[in-house]
Amino acid sequence: MERQTFSEVLQNWYHRNKRDLPWRNTKDPYMIWLSEVILQQTRVVQGLPYYEKFVEKYATVVDLANADEKDVLRLWQGLGYYSRARNMHQTAKIIADELNGEFPGTYAELVKLKGIGPYTAAAIASFAFDEKVAVVDGNVYRVLARVFGVETDIASHEAKKVFSELANELISSNSPGTHNQAIMEFGATYCTPANPGCMFCLFHYDCEANAKGKQAVLPVKSKKVKVKKRYFDYFVIEQNSKLLMAKRGPKDIWEGLYDFYLVETKDELLRLEETDNDFLQEVLPIATIKSESAVYKHVLTHQTIEAKFWHVVLNETASLPLPLDYEFYTWQEVEDLPKPILIEKYLKKHHAEFASLG
DNA sequence: CACTCGTGGTG
DNA sequence: TCACCAAGAGT
């Protein structure tokens with residue numbers, strides 16, 4: 001009997017061990033695209049409910065294209081990396097308006113679209129159109145680095161090329177999509193970052209990492225993120241049962257999401273009496289401070305935020321020049337706006353204070 | 001190209 | 001508490 005190829009071993013394992021995930025039961029490139037974007041840097045358990053919500057609300061790429069960006073972001077709320085949702089929405093418009101709602105059918109065409117990079121293009125091309133092109137994601141880096149003993153730093157520039165070439169040598173011609181699913185599933189559920197199941201692994205005798213006991217050091221990954229501290233004082237300004245909010249702009253976190261009037265300070269949270277903020281100096285003398293929240297710690301990949309919320313109520317007649325882009329929203333509107341999880345947590349915790357708003 | 005973009009889970 | 005991670009892409 002002939003020795004099985006890497007791909008055959010992998011696919012046999014996959015057929016016996018794969019999870020039943022909804023996006024694996026379709027060839028619809030829209031559904032596959034949706035799932036792939038949701039799963040970027042995101043665990044299946046976290047992404048799954050969002051996938052269900054999106055296919056429910058936006059059944060086709062045209063439905064997504066016709067939606068308001070605000071509503072798309074609202075549905076995406078809590079999943080993070082919000083540019084994924086904004087780019088996906090933009091690309092849906094392109095496909096609906098310029099491509100007659102037809103998804104491009106090749107890797108080369110797919111990778112041109114905003115939000116579709118090398119990984120996602122390969123995933124859609126192979127899963128939906130059976131194109132022979134290897135996916136290279138974190139799982140693939142890990143599986144290949146270990147099995148073949150590749151010590152190239154996966155954070156380096158050449159890693160993409162090295163692992164991509166190896167992956168494309170290994171991929172099967174007859175079922176590239178299944179091969180791609182299989183190697184990722186194997187990485188995600190068996191050849192895991194910590195505590196892989198090497199003892200009973202399919203590649204037990206062939207795996208370089210296992211032979212040399214290097215599971216813990218492969219794949220090699222340099223770069224450590226340095227985390228900045230930021231201090232946010234939010235002023236939750238209420239007037240006539242409405243709250244003042246604005247959409248966040250580019251070049252900072254949470255682009256496209258809405259938050260309250262924000263005063264950011266450098267080394268510590270604000271001391272009210274010392275602020276030289278013009279708007280606050282207008283507001284505070286004519287307002288009632290209804291509550292000062294506890295300090296929230298919110299952790300992001302490259303920064304940790306300490307935040308405090310000041311619930312400030314203005315009397316009905318007070319009028320003041322609003323900062324650019326800020327508007328008063330009813331409670332219903334506030335609920336419907338896409339917001340950072342930090343804001344959502346505050347509103348939930350202080351729900352009683354806002355109960356009278358509706 | 002090094003850096004930035006969230007959130008929640010884990011050892 | 002903390003470092004690291006999880007189906008990457010844009011700039």
Side-chain angles (χ1 to χ4, degrees), chain A residues 14 18-19 21-24 32-51 73 76-88 90-91 110-124 126-127 134-143 153-161 163-164 167 177 180-189 191-196 216-217 219 221-228 230 248-257 259 296-305 338-345:
Chain A
Y14 178 67
K18 65 177 177 179
R19 293 167 290 182
L21 302 171
W23 48 83
R24 287 180 175 162
I32 292 168
W33 173 49
L34 197 50
S35 72
E36 292 305 332
V37 175
I38 286 173
L39 291 174
Q40 286 168 13
Q41 299 292 284
T42 305
R43 294 167 195 278
V44 166
V45 287
Q46 190 184 4
L48 185 53
Y50 286 84
Y51 176 81
L73 282 169
W76 197 272
Q77 179 178 302
L79 199 49
Y81 287 158
Y82 297 95
S83 65
R84 291 183 292 172
R86 289 185 286 102
N87 288 335
M88 191 173 70
Q90 285 180 39
T91 292
L110 287 163
V111 80
K112 294 177 185 172
L113 298 169
K114 203 162 202 175
I116 300 183
Y119 165 76
T120 304
I124 299 171
S126 64
F127 300 159
V135 294
V136 182
D137 74 331
N139 293 306
V140 175
Y141 278 133
R142 186 169 55 256
V143 172
D153 181 354
I154 64 172
S156 71
H157 192 228
E158 58 168 328
K160 177 70 189 169
K161 177 182 166 67
F163 284 91
S164 174
N180 280 337
Q181 289 280 12
I183 191 168
M184 287 193 290
E185 185 77 345
F186 184 68
T189 66
C191 190
T192 48
N195 309 319
V217 296
K221 186 178 183 182
S222 64
K223 270 185 197 171
K224 285 149 192 171
V225 285
K226 59 172 183 181
V227 178
K228 296 174 188 171
R230 298 177 72 178
R248 293 180 61 85
K251 295 178 180 176
D252 199 355
I253 56 173
W254 302 330
E255 180 180 354
L257 305 193
D259 62 1
Y296 289 71
K297 284 193 178 177
H298 193 76
V299 180
L300 292 77
T301 305
H302 291 269
Q303 48 192 290
T304 65
I305 297 167
K339 300 169 290 294
I341 231 61
L342 171 62
I343 302 293
E344 195 69 45
K345 282 179 178 168

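Atoms considered below: every heavy atom in the structure, side chains included; atoms not considered: hydrogens, waters and symmetry mates. Please read these numbers as outputs of a predicted model, since none were measured by experiment.
- Rounded to whole Å, the separation between the C1' atoms of B/dC1 and B/dC5 comes to 16 Å.
- Look at A/Lys160 and you won't find any side-chain N or O under 4.0 angstrom from OP1 or OP2 of C/dG8.
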Identify all pairs in which a protein N or O lies below 3.5 Å from an N or O of nucleotides 1-3 of chain B, and state each distance.
unit_1, atom_1, unit_2, atom_2, d
B/dC1, OP1, A/His157, ND1, 3.4

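- Residue contacts shown for A/Leu21 include a base, since a base heavy atom lies under 4.0 Å away.
- The residue A/Lys345 sits close only to the backbone: its heavy atoms come under 4.0 Å of sugar-phosphate atoms, none of a base.
- Within 4.0 Å (heavy atoms only), A/Arg248 reaches no atom of the nucleic acid at all.
- Looking at residues two or more places apart in sequence or on another chain, you find no salt bridge (Lys or Arg N to Asp or Glu O under 4.0 Å) involving A/Lys114.
- Side-chain nitrogen and oxygen atoms of A/Trp254 include at least one within less than 4.0 Å of the OP1 or OP2 phosphate oxygen of B/dT7.
- Rounded to an integer number of Å, the gap from CG of A/Leu79 to C1' of B/dC5 is 13 Å.
- Listed by chain and residue number, A/Arg146, A/Thr192, A/Cys198, A/Gln215 satisfy the side-chain contact (heavy atoms from CB on, under 4.5 Å) test with A/Pro196 (two or more places apart in sequence, or in another chain).
- Counting any heavy atom pair closer than 4.0 Å across all strands shown, A/Glu344 reaches no nucleic acid atom.
- Where A/Asn139 and A/Lys297 meet DNA chain C, the nucleotide closest to each residue was compared, and A/Lys297 sits on the side nearer the 5' end.
- Rounded to whole Å, atom P of C/dG10 lies 13 Å from atom CE of A/Met88.
- A heavy atom lying under 4.0 Å from DNA chain C marks the following residues of residues 114-123 of chain A, by number: A/Lys114, A/Gly115, A/Ile116, A/Gly117, A/Pro118, A/Tyr119, A/Thr120.
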Would A/Leu300 and A/Trp254 satisfy side chain to side chain contact (heavy atoms under 4.5 Å, CB included), going step by step from the backbone distance to the final call? CA-CA 11 Å; A/Leu300 292 77; A/Trp254 302 330; 4.3 Å; yes

Could you list all N or O pairs between the protein and nucleotides 9-11 of chain B that sit under 3.5 Å apart?
none

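- Side-chain atoms of A/Asn180 do not come within 3.5 Å of backbone N or O of A/Ala134 as any donor-acceptor pair.
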Under 3.5 Å, which donor-acceptor pairs do the side chains of residues 38-49 of chain A form with other protein atoms, sequence neighbours left out?
unit_1, atom_1, unit_2, atom_2, d
A/Gln40, NE2, A/Thr120, OG1, 3.0
A/Thr42, OG1, A/Ile38, O, 3.3
A/Thr42, OG1, A/Gln40, O, 2.8
A/Thr42, OG1, A/Arg84, NH1, 3.1

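- The phosphate of B/dG8 has neither OP1 nor OP2 within less than 4.0 Å of any side-chain N or O from A/Gln41.
- Neither OP1 nor OP2 of B/dT4 sits under 4.0 Å from any side-chain N or O of A/Tyr81.
- Contacts of A/Trp76 with the nucleic acid, taken as non-hydrogen atoms under 4.0 Å apart, are absent.
- Residues A/Lys160 and A/Pro118 form a side-chain contact, since some pair of their non-hydrogen atoms from C-beta on lies under 4.5 Å apart.
- In this structure A/Lys161 satisfies the salt bridge (Lys or Arg N to Asp or Glu O under 4.0 Å) test together with A/Glu165, sequence neighbours excluded.
- The distance between atom NZ of A/Lys112 and atom C1' of C/dG10, rounded to the nearest whole Å, is 18 Å.
- Contact check, A/Arg142 against C/dA6: a side-chain N or O comes under 4.0 Å of OP1 or OP2.
- A search for side chain to side chain donor-acceptor pair (under 3.5 Å) contacts involving A/Tyr14 returns A/Arg24, not counting sequence neighbours.
- Legend: residues meeting side-chain contact (heavy atoms from CB on, under 4.5 Å) with A/Pro338, ordered by chain and number and at least two apart, are A/Lys70, A/Leu73, A/Arg74, A/Leu257, A/Tyr258.
- Contact annotation for A/Thr301: base contact, defined as any heavy-atom pair under 4.0 Å involving a base atom.
- Nucleotides C/dA7 and B/dC3 place their P atoms 23 Å apart, quoted to the nearest Å.
- Closest-nucleotide positions on DNA chain C for A/Asn87 and A/Phe127 were compared, and the one nearer the 5' end corresponds to A/Phe127.
- Residues passing the side chain to side chain donor-acceptor pair (under 3.5 Å) test with A/Gln90: none are found, sequence neighbours excluded.
- Residues passing the side chain to side chain donor-acceptor pair (under 3.5 Å) test with A/Lys297, sequence neighbours excluded: none.
- Residues forming a side chain to side chain donor-acceptor pair (under 3.5 Å) with A/Tyr119 (at least two apart in sequence, or on another chain): A/Glu36.
- Taking 4.5 Å as the limit, some side-chain heavy atom of A/Pro193 sits within range of a side-chain heavy atom of A/Arg142.
- Residue A/Phe186 contributes atom CZ, which lies 14 Å from atom P of C/dA7 at whole-angstrom precision.
- A/Val140 comes within contact range of no nucleotide atom at all, as no heavy-atom separation falls under 4.0 Å.
- A/Leu300 comes within contact range of at least one nucleobase, with a heavy-atom separation under 4.0 Å.
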